[in-house]
Amino acid sequence: MVNITLLDGKKISFSEKVTGLDIAKKISTSLAKKALVIKVDNHLKDLSSEISKDATVEIITEEDDRGLEVIRHDTAHILAMAVQELFSDTQVTIGPVIENGFYYDFSRKKPFTEDDLEKIEKKMLEIISRNEITTREVWDRKKAIDHFKKIGEHYKAEIIESIPKNEEISIYYHGKWHDLCRGPHLSSTGKISKAFKLTKIAGAYWRGDSKNEMLQRIYGTSWRSKDELDDYLKRLEEAEKRDHRKLGKVLDFFHFQEESPGSVFWHEKGWQLFQSLIDFMRHQQLISGYKEINTPEILDKSLWEKSGHWEKFQEHMYTTTTPDERVFAIKPMNCPGCVQVFNQGLKSYRDLPLKLSEFGRVHRYETSGSLHGLMRVRSFTQDDAHIFCTENQITEETLKVTKLILGIYKAFGFENVLLKYSDRPAKRVGDDRLWDKAEKALLEAVKATKLKYSINKGEGAFYGPKIEFVLKDSIGRDWQCGTLQVDFNLPQRLEAFYVDQDGIKKHPVMLHRALFGSLERFIGILIENYAGKLPSWLSPVQVAVLPISENFDNYAKKISNELNKNKIRNIIDLKSEKINYKVREHSISKIPYLMICGAQEEKDNSVTIRKLGDEKQETLSIHKAMDLMMKDCSVPTIQELSH
RNA sequence: GCCCCCAUAGUUAAGCGGCAUAACAAGUCCAUGGUAAGGAUUAGUGAGAAGUUCAAUUCUUCUUGGGGGCACCA
């Protein structure tokens with residue numbers, strides 16, 4: 001007697017062992033048709049797997065996301081199958097499910113081409129049509145290793161060797177083709193959705209290690225139906241339209257060029273945006289008790305040796321030798337410079353916490369392949385600050401920083417923020433006792449924020465553990481922006497002291513923190529988040545003044561002057577084009593307000609305002625128009641933005 | 001850094017082993033206008049280096065930069 005409990009609590013009894021399919025059939029024939037896999041006591045299993053003792057069973061169909069994942073996994077399998085049918089010189093390795101699809105890594109001397117992808121897709125469709133039956137076998141470990149070695153599948157043999165001893169080695173057959181796999185799988189290839197597409201070819205290291213061979217990865221996406229697939233492809237297209245590199249060019253914000261790979265040439269408009277963000281941040285920091293400083297870009301090698309950067313960070317550092325043969329480094333971080341400012345004049349415990357902020361431009365040599373528009377550059381500006389405090393102040397100061405960060409992100413509409421806590425890396429400076437202390441203090445502070453956090457082992461900075469503030473952008477990518485690090489090391493190495501209550505000189509603790517992280521990256525994220533349609537306070541040009549014809553140029557100039565007086569960033573378009581043309585042009589360049597000046601307006605000292613995205617217009621007196629602009633275009637505070 | 005792909009006018013693209021195209025943008029002229037492109041006209045182009053060839057923008061090699069990934073990371 002086998003008693004099966006279904007998810008809704010209903011029980012079905014069978015006189016002997018049953019398969020998942022039997023159970024589905026018992027419930028309804030339509031369910032049996034739709035069933036893909038089953039979940040037995042929390043383990044996903046094949047539909048054909050036998051259940052011989054009482055269990056809780058869930059029948060999973062394609063409507064379930066877990067069902068879709070199984071479909072994707074199967075699609076990855078037939079991708080491998082198709083590739084091996086077409087290209088016999090190919091070894092298979094791994095092929096997992098990822099967000100929206102799957103990939104499979106292959107080892108083959110000759111690279112796959114775009115044309116190959118089409119051939120492979122055709123072959124995959126053929127395999128689905130052949131409706132090959134899936135069977136599962138459990139093999140002896142040694143037999144499996146020998147077998148895969150014999151047929152030249154050395155990667156598979158290596159995988160089996162690394163499977164924990166207590167796990168069984170399961171082999172799946174789809175017709176004659178077979179692969180090592182944990183499963184579960186659909187009962188035949190005919191059940192696989194035809195709504196898939198192979199999307200790209202890429203290189204990927206075996207086991208993700210750059211020391212290993214580079215394999216060829218084929219990515220694919222797969223969905224329940226053609227409609228879902230088309231939807232997905234459309235979403236990708238939409239995301240592409242928001243690409244900050246494209247918009248940055250169209251909106252005339254910035255450019256890159258060969259002579260300085262990974263460094264931004266900011267154009268007038270992009271730089272204005274940059275300055276608006278700094279204004280915003282400067283004001284917030286002032287309210288929060290920070291003092292702004294600025295330190296040199298180039299500092300003698302000896303200081304970097306002292307701080308530990310020379311030893312631990314050199315691969316990212318630009319250096320320069322002067323005609324007198326002194327070696328300098330261009331700063332990759334602001335901290336050593338900041339400590340020099342702290343060290344001027346003896347500090348008392350009464351001065352702590354001392355918060356020194358700096359909009360510091362740092363240079364880091366990054367590998368060429370990692371560069372990506374504004375998101376990953378070689379020269380960037382941090383909204384950096386170093387908080388010198390006592391051990392007892394760490395938690396409180398961390399909470400203050402967190403609050404400030406969340407407030408600032410929220411002001412831009414980023415409400416989805418995660419924390420990542422990273423502890424000591426292999427490459428580090430300082431005594432492990434100090435690390436124990438720093439990690440404990442920071443982890444406590446993380447817990448005190450009551451935010452969701454994940455732990456990244458060994459990913460801290462070389463001088464201290466860190467938390468990272470990760471936000472999601474409009475196309476679902478995670479970006480690390482803010483960061484906070486607890487540092488007991490640099491104050492010692494760079495001889496920072498304060499005099500405590502008891503009259504004894506002690507080292508302060510340093511909290512390194514950045515909120516936007518990199519201004520450059522943050523701007524990239526903002527452009528994509530707003531699809532280029534920046535809120536008016538950030539928009540580089542806030543108003544375009546458009547005369548209806550040349551006859552009203554002078555009146556338009558008067559309006560423009562009025563805007564200038566009120567510090568509203570505006571342009572005036574005196575081109576001899578029709579108003580239709582001008583409205584179109586400036587709408588495309590995403591200027592928040594258009595002010596139209598014609599006979600009517602000149603007559604009663606007014607302007608007609610058209611807001612970006614609206615079709616209606618409103619005629620206001622100059623006075624009222626200026627009030628509206630000043631209200632909507634000035635740099636706000638967090639408090640104003642958050643409602 | 002590694003694998004694959006790409007490089008044509010200010011921008012987006014087309015094309016060809018033998019005069020290099022189009023659209024938009026820019027300039028000039030006409031039109032003087034009321035909310036997403038008025039008309040005419042002018043000028044402007046194959047990343048860099050080497051090779052094959054009678055002839056290279058086109059084929060080959062290298063360099064540089066860019067893109068998609070991997071690795072690395074703010």
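The chains referred to below are lettered A, B, ... by the order of the sequence lines, with proteins before strands, and numbering in each begins at 1.
- Computed from coordinates, the His255(A) NE2 to G66(B) P distance equals 12 Å when rounded to whole Å.
- Contact annotation: side chain of Glu315(A) to base of G1(B), donor-acceptor pair absent below 3.5 Å.
- Using cut-offs of 30° and 60° on the angle between ring planes, the pair Phe516(A) and Phe280(A) is parallel.
- Where Gly262(A) and Thr483(A) meet RNA chain B, the nucleotide closest to each residue was compared, and Gly262(A) sits on the side nearer the 5' end.
- Just one of Asn100(A), Asp230(A), Leu233(A) meets the side chain to side chain contact (heavy atoms under 4.5 Å, CB included) condition when paired with Trp223(A); it is Asn100(A).
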*asked:* For a salt bridge (charged side-chain N to carboxylate O under 4.0 Å, His left out) check, start with the C-alpha distance between Arg235(A) and Glu238(A), then their side-chain angles and the critical distance, and finish with the verdict.
replied: CA-CA 5 Å; Arg235(A) 265 184 291 149; Glu238(A) 288 301 315; over 6 Å; no
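- Within 3.5 Å, a donor on the side chain of Arg376(A) pairs with an acceptor on the base of C72(B), or the reverse.
- Among the atoms of the strands shown, only primed sugar atoms or phosphate atoms (P, OP1, OP2) are found under 4.0 Å from some heavy atom of Ile579(A).
- The separation between Ile467(A) atom CD1 and A74(B) atom P is 14 Å, rounded to whole Å.
- In this structure, Arg245(A) reaches the G68(B) phosphate: one of its side-chain N or O atoms is under 4.0 Å from OP1 or OP2.
- Within the nucleic acid shown, Ser210(A) comes within 4.0 Å of sugar-phosphate atoms alone, with no base atom in reach, counting heavy atoms only.
- Heavy-atom nearest nucleotides on RNA chain B were determined for Gly369(A) and for Glu585(A), and the one closer to the 5' end corresponds to Gly369(A).
- Judged by distance alone, with hydrogens and angles left aside, Glu366(A) brings a side-chain donor or acceptor within reach of the base of A74(B), the pair sitting under 3.5 Å.
- Between U12(B) and U45(B), the two C1' atoms lie 14 Å apart (nearest whole Å).
- Close to G1(B), at under 4.0 Å from its OP1 or OP2, lies a side-chain N or O of Ser368(A).
- The side chain of Arg584(A) lies closest to A37(B), out of U32(B), G66(B), A37(B).
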_Could you spell out the base pairing of RNA chain B as a dot-bracket line? Use Watson-Crick and G-U wobble contacts where both distances are under 3.5 Å, [ ] for crossing pairs, | for partners on a different strand._
(((((((..((((....[..)))).(((((.......)))))....(((((..]....))))))))))))....
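- Contact between the side-chain N/O atoms of Lys582(A) and the OP1/OP2 oxygens of G34(B) is not found at any separation under 4.0 Å.
- Under 4.0 angstrom from either OP1 or OP2 of C70(B) there lies at least one side-chain N or O belonging to Tyr219(A).
- Put simply, the residue from Phe522(A), Phe380(A), Trp266(A), Phe253(A) that forms a ring pair (Phe, Tyr, Trp, His ring centres under 6.0 Å) with Phe274(A) is Trp266(A).
- Contacts of Lys249(A) with the nucleic acid, taken as non-hydrogen atoms under 4.0 Å apart, involve only primed sugar atoms and P, OP1 or OP2.
- Listed by chain and number, the residues in a side chain to side chain donor-acceptor pair (under 3.5 Å) with Glu585(A) are Lys575(A) (sequence neighbours excluded).
- Using a 4.0 Å cut-off between charged nitrogen and carboxylate oxygen, Lys603(A) and Glu601(A) do not count as a salt-bridge pair.
- Nucleotide G67(B) holds its C1' atom 11 Å from the NZ atom of Lys246(A), rounded to whole Å.
- Ala514(A) comes within contact range of no nucleotide atom at all, as no heavy-atom separation falls under 4.0 Å.
- Judged purely by distance below 3.5 Å, without hydrogens or angles, the side chains of Asp279(A) and Ser276(A) never pair a donor atom with an acceptor atom.
- Across all strands shown, Lys466(A) has heavy atoms under 4.0 Å from sugar-phosphate atoms exclusively, and none from any base.
- The existence of a salt bridge linking Asp89(A) and Lys110(A) is excluded, since no basic side-chain nitrogen approaches an acidic carboxylate oxygen closer than 4.0 Å.
- Of all non-hydrogen atoms in Ala625(A) and Val607(A), the two that sit nearest each other are CB-CG2, 3.7 Å.
- Ion pairing of Asp209(A) with Arg207(A) is absent here, as no side-chain N (NZ or NE/NH1/NH2) approaches a carboxylate O to less than 4.0 Å.
- Regarding contacts with the backbone of G68(B), a side-chain N or O of His372(A) is found under 4.0 angstrom from either OP1 or OP2.
- OP1 or OP2 of G69(B) lies within a sub-4.0 Å distance of a side-chain N or O belonging to Lys200(A).
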Contacts under 3.5 Å, N or O only, protein and nucleotides 3-9 of chain B:
{"from": "C3(B)", "atom 1": "O2", "to": "Gly203(A)", "atom 2": "N", "distance (Å)": "3.2"}

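- When heavy atoms are screened at a 4.0 angstrom cut-off, Gly482(A) is found touching no nucleic acid atom at all.
- Rounded to an integer number of Å, the gap from Leu374(A) CG to G66(B) C1' is 15 Å.
- For A36(B), the OP1/OP2 oxygens have a side-chain nitrogen or oxygen of Arg610(A) closer than 4.0 Å.
- Gln480(A) comes within 4.0 angstrom of the backbone, heavy atoms only, and of no base.
- Looking at heavy-atom distances under 4.0 Å, Tyr365(A) makes contact with sugar-phosphate atoms alone, never a base.
- In this structure, Phe254(A) and His244(A) have tilted ring planes: the angle between them lies in the 30° to 60° band.
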